[in-house]
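Only one structure is covered here, and it is reproduced in the block below.
All chains are named by letter (A, B, ...) in the order of the sequence lines, taking the proteins before the strands, and each is independently numbered beginning at 1.
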Amino acid sequence: MSLLQKPWIWSWIGTLAVCLVIIGISGLGAGTQVLSAALSFGTFFVIVAIGQMFVVTLGPGNVDLSIPACMTLASTVAMKVMGGSSTMLLPGLLIAIAIGTIIGLLNFGLIRLLRIPPIIATLSSSFLFQSTAIWYNRGLRVKPPEPLADFATAKLAGVPLLAILVLVLTVIMHVILHHSLFGRAVLAVGQNSRAASLAGIKVERTRLLTYLTSAVLAAICGFFLAGFSGGAALNMGEEYLLMSIAVVVIGGTSVAGGFANLPGLWGASLFMFLLVTMLNTLGLSAGIRLILTGAIIVGVIAISGRRGRT
Amino acid sequence: DTADKRIALSNNYAGNSWRQAMLTSWETVTGQAVADGTVAAADAFTTAENQVTEQAAQIQNLILQGYDAIVINAASPEGLNGAVKEACDAGVVVVSFDGIVTEPCAWRIAVDFHEMGKVQVEYLATRLPDGGDLLEIRGLAGVFVDDAISGGIHEGVSENSQFAIKGSVHGNWAQDVSQKAVAGILPSLPEIKGVVTQGGDGYGAAQAFKAAGRDMPIIVMGNRQDELAWWKEQKDATDYQTMSVSIAPGVSTLAFWVAQQVLDGKDVPKDLTVPFLTITQDTLEDNLATTQEGGVANVEYSLEDAQSVINEAM
Amino acid sequence: MIARLLTPHSLRTLLPAVSLAALLAAIFYLQPRTMSYFGLNLLLNLAVPIALATVAQMFILCVNDLDLSLGAFISLTACITATWLHDTPLLGALALAGCVLAYAGLGALIHLRNLPSIVVTLGMSFVWMGIAVLILPTPGGKAPDWIRSLMTLKPALIPFPIIALVVLGGIVQIALMRSAPGVVLRGAGGNPQSVARAGWSILRVKMIMFGLAGLFGVLAGMALVGLTTSADANIALRYTLLSIAGVILGGGEFTGGRISPIGAVIGAVTLALAGSFLSFLRLNPDWQIGAQGAILILVLALRVIINRTAAKS
Amino acid sequence: MTDRSAIVRLNGIGKSFGAVQALRDVTFHVAPGECVGLVGHNGAGKSTLMNILSGVLSPDTGELLFGDQDLAARYSVAAAKQNGLRCVYQELSLCPNLSVAENARITHPTIRGIGWRRKAATLITTWLDRIFPGHGIGPGDIVGELSIARRQMVEIARAFSATQTPVRLVILDEPTSSLDKASADQLLSFVGRFTETGGSVILISHMLGEILDSADRIVVMRDGGVVAEDATAAFDRARLVREMGSVLAEDAATPTAQARRQTDRVIVLPGENGIPLEVFKGEIVGLAGIGGQGQTDALLTLFAAANGTRNHAEITTEAAFVAGDRQTDGVFPGWSIRRNISIASIRQMVQHWLIDARKELGLAQDWQTRIGIRTEDLSNPILSLSGGNQQKVLFARALGSPAPVVLMDDPMRGVDIGTKQDVYAILKDEAAQGRSFVWYTTEMDELKHCDFVYVFRGGQVVSGLPRHQVTEANILRASFDAAAAA
Ligand SMILES: Nc1ncnc2c1ncn2[C@@H]1O[C@H](COP(=O)(O)OP(=O)(O)OP(=O)(O)O)[C@@H](O)[C@H]1O
Ligand SMILES: Nc1ncnc2c1ncn2[C@@H]1O[C@H](COP(=O)(O)OP(=O)(O)OP(=O)(O)O)[C@@H](O)[C@H]1O
Ligand SMILES: [Mg+2]
Ligand SMILES: [Mg+2]
């Protein structure tokens, strides 16, 4: 398979093109700074998109719409429990992860026990989680502990520390996807779940683990995002709903299920951030900016045109 | 006498601290009013999503439930007119606040958003006589409030030609979105002297400036506690000076009293104005002290306040 | 006869209607005022644009695609309706026709380049929204009078929304499920290769289905403006998810051309009523949002209970 | 049958898929009123040739002559239909979401207007009745809910049904592979009647008996070319097999029955009427009866029980499954051949949490040679294989797995005779080493390889026959006669 046929290459080509435009407008110095910012913010997209990617790979109709609510609930509870105290850091993180776990289990329970289509199950449950977050601390914005904020914003030689860690996570997930039992099972279920079950794959266990992964990653993302932006807010996850899906599909994962890749998540995350930044930098009006955003996304996809796959 | 009257609050969004403070104020003030027997009920209703269509349906449901008055924070100034008209036709008193409606049969407690934008530039003009480059953080595209505040800002800039807006981003009134948008555009901007905002986004902008290692400009703040706390921190450390303009979420309670007055048969003009909440360098500490950690600077209104607002408008 | 109707199998096909009936009964019980002409009118009029949107989404789901831009598209058509169609009807009509064509073109693009519809429509949602913001930067506009009077029509005996919903469901049901051309359109969702081998053009099918989705999207936008009297660029964003949920609630599936137009309309109405039901319950504001989720779960859980009974017998 | 009168002639047809030359210089014709039998090993190029004839694929080289006109350049599915050609493809080609009548309407654009449903229903029912009397299919049945055999019947009936353009030539690409014996006989006798009235049929099958009985002329393909072509009378079974490139093995049905039923019992599936389905270690157990009498359900129940789902079956070991309906139950369409083989054994390939790619490749290569999967490269996508070779992959998947019990759901569908013999040998060999097989098949020849046969009717085991009682007569009696249960 040549490089140009890799499903993820187009998000990277798009990223490169947008990057060049930004450098063309604002110069190389500004360009590198923008890139550094893109890494900071793109990292958060990547975390949730990894989970979303595994879910989407399970096949048509599988998508996790509870990611924003999960981020909000996990981070508000964690921030309130920590109450800004650095000694509570670890318990806080564990609580966030525990909440992610519960949410994943709940989502799967709705899908499996009540046979609710995932898209509606996760949408419905997200309302419940959002309500719980509201009820728990009425939208008060609690500051993260100092070390968490420092950690979330730290940079190593201009590269955000968090981005490096998430890169490591990406590599691990890549290995899991392509070289582990779980990954193989997800890909199999996504292509033909009946055949997968007859080949001895534990289909339901695979689904459970997938929804669990998605929720736990969303919770972790919420935790660090709260550290990064100075507190958890009720609306902090809002844009992650569409963004997590956009990053996954622009990154070349097939919505028909059974095909996924991780390099595309980084390409698409950076692309989405840089695209908005480029249009902001050009100083266009909101309407034109939106139109161009959409047109460029469609353009990139149309050029890449995955004709081979039917 | 309104002892047997029932009032409903129709709210279209509960997903940020401002709206939560608004609901809390409503609960505190109306809870007391119900306990005192001033009104029979004052229930709050929130839609699951911030959408005109849902709120319109909600208002229709409130009509069906036989409320005597509906107090609305509207998702859109025009989009609810159909439903509001139906309410009026059914004999329900409709009072809108913050997000007001234009249907003539409703009462409006308006904030002068245009002015809110303009005073920011006027304030900057006093601080920066030589002018300079500004960054504008807007709210959500296509929403009335965003357009009004931005209009005020741009009018201010055209009247103070020493200023120029060098960049404009949409922060959706959220810290993290603003932070991201500002961080993206900042590298390609020249030195920024001031940041004009719409509230709720000042802290995110400050974070972005800090992360980029740029000089901290004068960022006009909103009324979130973290914005005020950051300002206080900077004030103590570097004598940082700025101002804050915002709307007090407690304006919902003013709307409640206005509705009560209308139900009581009082003659109330259709258009009322509330001043926006301004915090200056001098009143910062006082406001910060009365604001809950992580909450929003707020003012709750009493019946007397409402009466004086009404009288002023007469 | 009754016994036959109550077998688990027929219950399952009747499920969407049964859950709607249960919901209506609960609403009537909680708030008897809704049982009047006036009450039903208020209860159901906003379900009309939702039902139109759901039917639009159904056309897309029928050919194994998914439209994530429908809400933005309906917002755009609402903006056009409230501005151009009101001020310069000819221009407005042309623009709306252009919208339908654009949708058909989208179908062609997706088919010819074999693109995932989710990404394309995700991208298009920005485009529609951008155009809407350009047309109507701040909420406003005015519904053309004829639409306004149509949507507020008060026919004798039966409230207008009920008539509109029944007509909508009936027409689409006949056109798609009972007519000969409808078979080809649905077949293309079930096994496009087989339909192509029978000599039909899948490109044509996709263009027709997307075009129909565009048409019903336009109708949804117009109906919405007729009710709200004015538009804004964000007015119908929620319809994207709502329409998908409506199709599924009505017994449709994501792939394989398995859809039910009447089911979709019923699903849309159920969703619209679920909100009303909750507001009649007067819940604590903290839990009002959560309750919306709970009721969705409840309605769908009915399905599994009936399936369980079916499996046992 | 002179050349002049040929309905269609193919001249020098060549077709490649990437590096694979699927067809080379093929010359082929069909005359009116003739049934041409087309045979060849899996991957010989039969389906590819038929796809070219029906306009689905266009040839790289060669002529496509209707009369004197070469249509190769502007040939298409529509042109084929125009010329009275119909095709029943090897893989299912109905819309599963539509009813039987609606599927008929898809191929008949002229059925429309008021009352089209009735017209379509009448049309398809007429042809079903004509070809498969007693088929039990209603025009309103949803195709996706029908068994694979019934879907096949619908597809065949649809291909023969004519509205305006007369049907002159029907291509049947392995039409009997999913049909039981009785339905297959019905079809073949209908083919006879059809050709008598002047219609033509191309019949592809791996059941050589069918070809020898029904065809007027036989064309043998091997490795993308035609290697023999003659009147049927000139062929016998042995010659056909030889031309296809294999040798006909002696019927190696050596009884092992004496020792059987004394080893460990690995499966018990209690039956309501008292006959339990039992399987012992090292045994090959056949499930017989007419198609769709609950055999597949029994296999699925056993498989679920082996995978820990509690039900009324008792099974003491792991089980692997060989699907017969490979499109819905077997193939992972996006994967390479290698991955399709290894999936059932993947747990054994894990080392240090990761799948050992070398072991995986080793397994695949091993089975490629053992069962003869025709491909250059195991990294090719599974869908690049011919139907029979895909089926071999499913065999390789199950046999390669460590499961001591293998459940097989009519697994020889579309497998060529040479391979079948290889598979029988493998099964014997594996059984001798203690593996047990439960084998649903509708083929008498295959039941002869079983140590014990259970006959199904109405979802139940109605009879259990030890090896020496497995005769066509006994099985037919049990299949149709309720008294046989006693
Ligand atoms: N789409 C494709 N891509 C690549 N190779 C293909 C494709 N279709 C067929 N082939 C190859 O062409 C050759 C002929 O396949 P074909 O399906 O015609 O065989 P067949 O004679 O019908 O076999 P069977 O009896 O198994 O059905 C095989 O080697 C097969 O792998
Ligand atoms: N050994 C490996 N190490 C790291 N990445 C790999 C490795 N093998 C494959 N990948 C990556 O996995 C993704 C999927 O590749 P591919 O599906 O070709 O994997 P494969 O193991 O070769 O399977 P197959 O060839 O059977 O499809 C690609 O992004 C590829 O870069
Ligand atoms: Mg074949
Ligand atoms: Mg490879």
- Centroid-to-centroid, A:Phe45 to A:Phe273, below 6.0 Å? no

- Ring centroid separation for A:Phe108 and A:Tyr211, is it under 6.0 angstrom? no

- Qualifying salt bridge (Lys or Arg N to Asp or Glu O under 4.0 Å) pairs with a residue from residues 54-78 of chain C, counting only residues at least two apart or across chains: C:Asp65-C:Lys206

- Can you pull the salt bridge (Lys or Arg N to Asp or Glu O under 4.0 Å) pairs that have at least one residue in residues 260-283 of chain A, sequence neighbours excluded? none

- Item | C:Ser69 side chain to C:Tyr103 side chain, donor-acceptor N/O pair below 3.5 angstrom | yes

- Message: Between C:Ile118 and chain A, with a heavy-atom cut-off of 4.5 Å, which part of the residue counts as in contact: side chain, backbone, both or neither?
- Response: side chain

Examine whether an atom of [X] lies under 4.5 Å from a heavy atom of chain C, and if so say whether it belongs to the side chain, the backbone or both; otherwise answer neither.
{"X": "A:Ile288", "result": "both"}
{"X": "A:Ile297", "result": "side chain"}
{"X": "A:Ser126", "result": "neither"}

- With a 4.5 Å cut-off on heavy-atom pairs, point out which of A:Ser131, A:Gly61, A:Ala69 contacts chain C the most. A:Ser131

- Pick from A:Leu65, A:Val298, A:Ile291: which one has the most heavy-atom pairs with chain C under 4.5 Å? A:Ile291

- Note on the structure: A:Ala17 meets the side-chain contact (heavy atoms from CB on, under 4.5 Å) criterion, sequence neighbours left out, with none

- Task: Enumerate by number any residue of residues 234-246 of chain C whose heavy atoms lie under 4.5 Å from heavy atoms of chain A; in the absence of such residues, state 'none'.
- Result: C:Leu241, C:Ile244, C:Ala245

- Item | C:Ser201 (side chain) donor-acceptor with C:Arg204 (main chain) under 3.5 angstrom | yes

